[in-house]
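I have placed the structure first, in the form of structure tokens, so that the comments after it can refer back to it.
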Amino acid sequence: MNYWLMKSEPDAFSIDNLQKSSNQTAHWDGVRNYQARNMMRDEMKVGDQVFFYHSNCALPGIVGIMEITKEAYPDYLAFDVNDPHYDPKSDPDSPRWVMVDVKFIRHLIRTISLQELKPHPEVQGLPLVQRGNRLSIMPVSKEQWDFILSLE
DNA sequence: GCCAACGTTGGC
DNA sequence: GCCAACGTTGGC
């Protein structure tokens with residue numbers, strides 16, 4: 001089983017939005033970065049566990065856990081001219097972007113903030129804590145996963 | 001709201 | 001294929 005971290009701006013889609021979704025499940029759309037896409041497409045499997053990270057907000061940090069319930073399939077928003085994530089270069093016959101389905105598992109007891117994580121040597125390998133990092137989907141090692149949860 | 005860091009685009 | 005310009009991300 002793999003572990004991941006996925007970022008979302010809570011103003012756009014928060015963990016509460018996920019919890020309130022039908023079946024507590026939603027598609028993770030709008031990823032428009034090749035590195036992130038490749039990980040979704042090639043490595044994410046049903047059952048993988050994922051940290052839900054709130055970015056660009058008052059307290060950026062890890063707020064909960066979700067699980068992959070459907071592996072990569074075409075991000076159809078890329079075909080919708082009226083959607084902000086529309087990409088004219090994504091051809092329905094050969095989709096450029098993919099999404100996965102995620103299911104709410106639980107909130108963390110408290111938010112584990114970026115500020116709190118940064119000083120810990122155990123997570124220095126995580127792109128999340130590296131300067132200037134913008135990757136919205138990243139792998140988390142089992143050791144990092146367990147360590148972060150031990151802070152809860 | 002600011003702005004540094006980054007990824008992408010497109011002219012050459 | 002280089003790289004300047006541009007748009008976006010995301011912490012602060």
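Excluded from the calculations below are hydrogen atoms, water molecules and symmetry mates; all remaining heavy atoms, backbone and side chain alike, are included. Below, chains carry the letters A, B, ... as their sequence lines are ordered, and counting in each starts from 1.
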Between C:dT8 atom C1' and A:R32 atom CZ, what is the distance in whole Å? 14 Å
Can you measure A:E9 atom CD to C:dT9 atom P for me and round it to whole angstrom units? 7 Å
Closest to the 5' end of DNA chain B, once A:N56 and A:G132 are matched to their nearest nucleotides, is A:N56
On the 0 to 90° scale, with breaks at 30° and 60°, tag the A:W97-A:Y34 ring pair as parallel, tilted or perpendicular. tilted
Euclidean distance, atom CD of residue A:E116 to atom C1' of C:dG11 [Å, nearest integer]: 17 Å
Could you check how far CD of A:Q35 sits from C1' of C:dT9, rounded to whole Å? 14 Å
In whole angstroms, how far is the C1' atom of B:dG7 from the CD1 atom of A:I137? 16 Å
Could you tell me whether A:D16 and A:K20 make a salt bridge, using a distance below 4.0 angstrom between a side-chain N and a carboxylate O? no
Atom NE2 of A:H85 and atom P of C:dT8 are separated, to the nearest Å, by 12 Å
Does A:K7 make a side-chain N or O approach to OP1 or OP2 of C:dG10 shorter than 4.0 Å? yes
note: A:L114, atom CG; C:dT9, atom P; distance rounded to Å ~ 18 Å
Residue closer to the 5' end of DNA chain B, A:N133 versus A:R96 (nearest nucleotide): A:N133
Side-chain N or O of A:Y53 less than 4.0 angstrom from OP1 or OP2 on C:dG11? yes
Spacing of A:L117 atom CG relative to C:dG11 atom C1', expressed in whole Å: 14 Å
Taking A:K45 first and then A:E67, would you say they form a salt bridge - that is, a charged N and a carboxylate O separated by under 4.0 Å? no
Is it the case that the ring center of A:F52 lies less than 6.0 angstrom away from the ring center of A:W28? yes
